[in-house]
Amino acid sequence: MSKAAIVLAAGAGTRMKSALPKVLHKVAGLPLLGHVVRALRDAGVERIVVVTSAAGEAVRDYARALGCEGAIQHQQLGTGHAAASAKDALSDFSGTLVVVNGDMPLVTSETINDCLTAQARTGLALLTFQPQDPAAYGRVLLTPDGFLNRIVEYKDATASERAITLCNAGCYAADARAFFRWASQLNNDNAQKEYYLTDVPLLAREEGVKCAIAVADEVAVTGVNSRAELADAERKYQGRVRARMLADGVTMTAPETVFFAHDTVVESDVEIEPFVIFGAGVTVGHGARLRSHSHLEGATVASGAIIGPFARLRPGARIGEDVHIGNFVEIKNTVIEKGAKANHLTYLGDARVGAGANIGAGTITCNYDGFTKAITDIGAGAFIGSDTALVAPVKIGDGAITAAGSVITQDIAPDALAIARGVLTEKPGWAKAFRDRKRMEQK
Ligand code: UD1
Ligand code: MG
């Protein structure tokens, strides 16, 4: 059976108090909408229609970049009205439809599949969950035989209904044609004067279709409506990734201090010390060691490398096997080949460092003249003396040495020594004579 989905993302997101649309706020570096779309794809959903408001240009652009189709809800009249807005976009579709809120970043393909499995029993299913704090979620009332009786929105609920702990997760599955027939019959006779998606099961029942219930894990269906809930979703997402990393053979003595991105790849026997932060696009190979307070983004680290403490790997950093990158070293768009070392206080940008080269403390690639970036190429086995400034474009030959404190402005041949610094003059006794004279003047 072919599968399509409608993702609801047209809401004003008022509770976020943000100029950025709610579904573009990020968890682990990926917008909320990106998480939902990924889970749907993993569950085998081929077509995804993202419903946006007329003003939701940024959301539409992002959805298109994810390969989704779009539908516009011209007025924000509620979740049911939003889902119905996707009718034209899916007029040629027959099959099973998943309707899901765009603000559920922890949703997984398993959760979506559970909802689809329940749908196969009756023709309509609702995903529910039992949160520790039911907050303002819609409350789910069941029939004696365990099907959905109705959903009561928190704002419409009586005190006794609010005491119910089974809640609506915001994910539905139905036959597409039937769904749009029901959605077109919704009314807005409720506290918020909105067309509630939650009333669809009532209309299905009038046609004799019962709504089956799937019960999801609380974490997977966490909804984000405010900054506090965004922070809570981040905390839960990080908890999930940390547990997976530990299970996959990554060592972390204080996992609660390590922050991963949605796409971080870490192989087994990697050791991650406390307070390491991952931005997007990082891969770390077997047995590497990431020391405390290092920050990595868009970087690959090969087996056996040691990074940090206090190192910063920026996009395009390619760290080879057994390389050592030490404290206060920043690396951007640079390949460091096998066994090379840059252990202290260095900036390497737009460069290649050959195998086994040694980069002394305080080395700087001067790669930017305010207009363009230029390349520095350091040969295998080269020794860059401390406090060398490499003015790019420049090439240091294999095995060459630069003297400490040099400013290198031309290419250096392999195995040569380059010295580019002022000539040292030593004046014997000068310092003592100076002090004696000053003391005499003070008397
Ligand atoms: C909704 C459910 C509630 C459930 C909760 C789960 C309804 C009426 N209530 O409440 O039962 O417990 O989700 O998280 O469905 N949206 C539109 N157009 C609109 C209104 C909303 O596209 O006119 C979108 C929003 O962008 C959002 C989603 O629908 O992605 C849900 O809307 P939201 O306002 O977050 O609903 P909740 O109050 O969370
Ligand atoms: Mg919500």
Side-chain angles (χ1 to χ4, degrees), residues 5-16 18 20-25 31-37 40 49-56 58-60 62-63 70-86 98-107 111 115 126-131 133-141 148 150-157 161-162 164-172 183 186-202 211 213 216 218-230 232-233:
I6 300 173
V7 181
L8 306 182
T14 340
R15 289 166 278 179
M16 294 297 284
S18 176
L20 186 71
K22 176 167 80 173
V23 297
L24 296 185
H25 282 264
L32 305 184
L33 180 60
H35 287 277
V36 176
V37 168
L40 288 167
V49 178
V50 176
V51 180
T52 56
S53 67
V59 182
R60 262 193 300 288
Y62 180 60
I72 295 183
Q73 183 195 21
H74 288 282
Q75 274 180 293
Q76 277 51 72
L77 301 178
T79 49
H81 180 262
S85 308
V98 177
V99 182
V100 59
N101 289 356
D103 63 356
M104 296 166 55
L106 286 115
V107 70
T111 309
C115 192
L126 172 75
L127 196 65
T128 65
F129 69 123
Q130 200 100 45
D133 172 15
Y137 288 110
R139 302 299 202 261
V140 173
L141 284 71
L148 179 74
R150 62 196 171 92
I151 304 166
V152 188
E153 282 309 288
Y154 182 78
K155 285 186 180 155
D156 299 302
E161 286 167 340
R162 287 181 181 183
I164 293 169
T165 54
L166 189 65
C167 292
N168 170 20
C171 178
Y172 312 72
L186 290 169
N187 66 50
N188 64 352
D189 188 12
N190 53 55
Q192 302 188 81
K193 292 280 166 275
E194 286 186 1
Y195 294 85
Y196 287 166
L197 188 53
T198 49
D199 288 343
V200 160
L202 300 179
C211 181
I213 296 293
E218 164 170 14
V219 170
V221 295
T222 305
V224 172
N225 300 296
S226 63
R227 306 278 181 157
E229 288 176 3
L230 182 68
D232 182 52

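The structure displayed is predicted, hence computed values, not measured ones. Note that ligands are numbered from 1 as they come in the structure, with each ligand's atoms numbered from 1 the same way. FYI, the numbering just counts along the sequence from 1. Values reported hereafter were calculated over all heavy atoms of this structure, with side chains retained and with hydrogens, waters and symmetry mates removed.
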Item to check | Test side chain to side chain contact (heavy atoms under 4.5 Å, CB included) applied to Thr128 and Tyr137, step by step | outcome: CA-CA 10 Å; Thr128 65; Tyr137 288 110; over 6 Å; no
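- When heavy-atom distances to ligand 1 are checked against a 4.0 Å cut-off, Ala169 comes that close only through its backbone atoms N, CA, C and O.
- Nearest non-hydrogen protein atom to atom 15 (O) of ligand 1 is Thr79 OG1, 2.7 Å.
- Atom 27 (C) of ligand 1 has its closest protein heavy atom at Leu8 O, 3.7 Å.
- For the side-chain contact (heavy atoms from CB on, under 4.5 Å) test with His25, the passing option among Leu230, Asp103, Leu33 is Leu230; the others fail.
- Checked by atom type and distance alone, the side chain of Arg60 never pairs as donor or acceptor with a backbone atom of Ile72 at under 3.5 Å.
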Next on the checklist: Let's go through Leu197 and Leu8 carefully: what are the C-alpha distance in whole Å and the side-chain angles of both, what is the deciding distance for side chain to side chain contact (heavy atoms under 4.5 Å, CB included) to 0.1 Å, and is it a yes or a no?
Outcome noted: CA-CA 11 Å; Leu197 188 53; Leu8 306 182; 3.7 Å; yes
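- A cation-pi arrangement is present between Arg162 and Tyr154 under the rule of less than 6.0 angstrom and at most 45 degrees off the ring axis.
- Residue contacts with ligand 1, taken as heavy atom pairs separated by less than 4.0 Å, involve Arg15 solely via side-chain atoms from C-beta onward.
- Listed by atom number, the atoms of ligand 1 under 4.0 Å from Ala82 heavy atoms are 17 (C), 18 (N), 22 (O).
- No side-chain heavy atom of Thr198 sits under 4.5 Å from any side-chain heavy atom of Thr79.
- The closest protein non-hydrogen atom to atom 13 (O) of ligand 1 is Asn101 ND2, 3.0 Å.
- When only interatomic distances are considered, the shortest N/O to N/O separation between Gly78 and ligand 1 falls below 3.5 Å.
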Item to check | CA sep, side-chain torsions, deciding dist, call: Val140, Leu148, side chain to side chain contact (heavy atoms under 4.5 Å, CB included) | outcome: CA-CA 7 Å; Val140 173; Leu148 179 74; 3.5 Å; yes
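- Of all atoms in ligand 1, listed by their number and element, those nearer than 4.0 Å to a heavy atom of Gly138 are 3 (C), 4 (C), 11 (O), 12 (O).
- Proximity annotation for atom 18 (N) of ligand 1: of Gln75, Gln73, Met16, Gln76, Gln73 comes nearest, heavy atoms only.
- The part of Asn225 lying near ligand 1 is the side chain, judged by heavy-atom distances below 4.0 Å.
- Applying the 6.0 Å contact sphere to CD of Gln130 captures more than 12 heavy atoms from other residues, nucleotides or ligands.
- Of all the atoms in ligand 1, the ones that sit under 4.0 Å from a non-hydrogen atom of Gly11 are 16 (N), 17 (C), 18 (N), 21 (C), 22 (O), 24 (C), 25 (C), 26 (O).
- Listed by atom number, the atoms of ligand 1 under 4.0 Å from Asp103 heavy atoms are 30 (O), 35 (O).
- Screening Val224, Val23, Thr222 against Pro105 for a side-chain contact (heavy atoms from CB on, under 4.5 Å) leaves a single residue, Val224.
- Close N/O approach between Ala10 and ligand 1 is found [any backbone or side-chain N/O within under 3.5 Å].
- Minimum-distance N/O/S atom of Asp103 relative to the Mg ion (ligand 2): OD2.
- Looking only at heavy atoms of the protein, atom 12 (O) of ligand 1 is closest to Asn168 O, 2.6 Å.
- In terms of polar-atom proximity, defined here as any N/O pair under 3.5 Å, Lys22 does make such a contact with ligand 1.
- Contacts between Glu153 and ligand 1, counted as non-hydrogen atom pairs separated by less than 4.0 Å, involve the side chain only.
- Checked against a 3.5 angstrom limit, the closest N/O atoms of Thr198 and ligand 1 fall outside it.
- Residue Asn101 does not count as close to the Mg ion (ligand 2), with no N, O or S atom under 2.8 Å.
- A salt bridge links Arg150 to Glu161: at least one charged side-chain nitrogen sits closer than 4.0 Å to a carboxylate oxygen.
- Between Gly13 and Lys22, the shortest heavy-atom contact is CA-CB, 4.2 Å.
- Note: His81 and Tyr195 have tilted aromatic rings, judged against thresholds of 30 and 60 degrees for the angle between ring planes.
- With ligand atoms numbered from 1 in the order given, ligand 1 contributes 8 (C) to contacts under 4.0 Å with heavy atoms of Tyr196.
- For the side-chain contact (heavy atoms from CB on, under 4.5 Å) criterion with Tyr196, the lone passing option out of Asp156, Asp189, Asn188 is Asp156.
- Close N/O approach between Gly102 and ligand 1 is found [any backbone or side-chain N/O within under 3.5 Å].
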